[in-house]
Amino acid sequence: MLLLGLCIPAFGLVCDSIWALAADTTRTWFARTRRRLAALGGSGGLVMIGLGASLAFTGRKD
């Protein structure tokens with residue numbers, strides 16, 4: 001039972017480390033040119049506006 005209990009944090013650590021390395025690599029690739037970084041920021045802003053608009057039109061009536 002102890003071994004199974006230790007597996008979950010170990011797998012979590014491995015998976016989170018892989019995600020962190022992938023995020024670092026992706027961020028480094030985007031940061032190489034200002035144009036890519038600006039496009040990423042602009043597209044992130046558009047996604048936030050789209051999510052807000054969809055929430056405004058389809059929000060729950062609580």
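Everything numeric in this text was worked out from a predicted model, so none of it was measured.
For the atom pair C7 SG and L2 CG, the distance stands at 9.5 Å (nearest 0.5 Å). Distance check: I8 CD1 to L13 CG gives 14.0 Å after rounding to the nearest 0.5 Å. Interatomic distance, CG of D16 versus CG of L21, reported as 11.0 Å (0.5 Å rounding). Here L6 contributes atom CG and F11 contributes atom CZ; the two are 11.0 Å apart, rounded to the nearest 0.5 Å.
M48 and L55 are members of different hydrophobic clusters when ILVMFWY side chains are connected at heavy-atom separations under 4.5 Å.
Atom CZ of R27 has 12 or fewer neighbouring heavy atoms from other residues, nucleotides or ligands inside a 6.0 Å radius.
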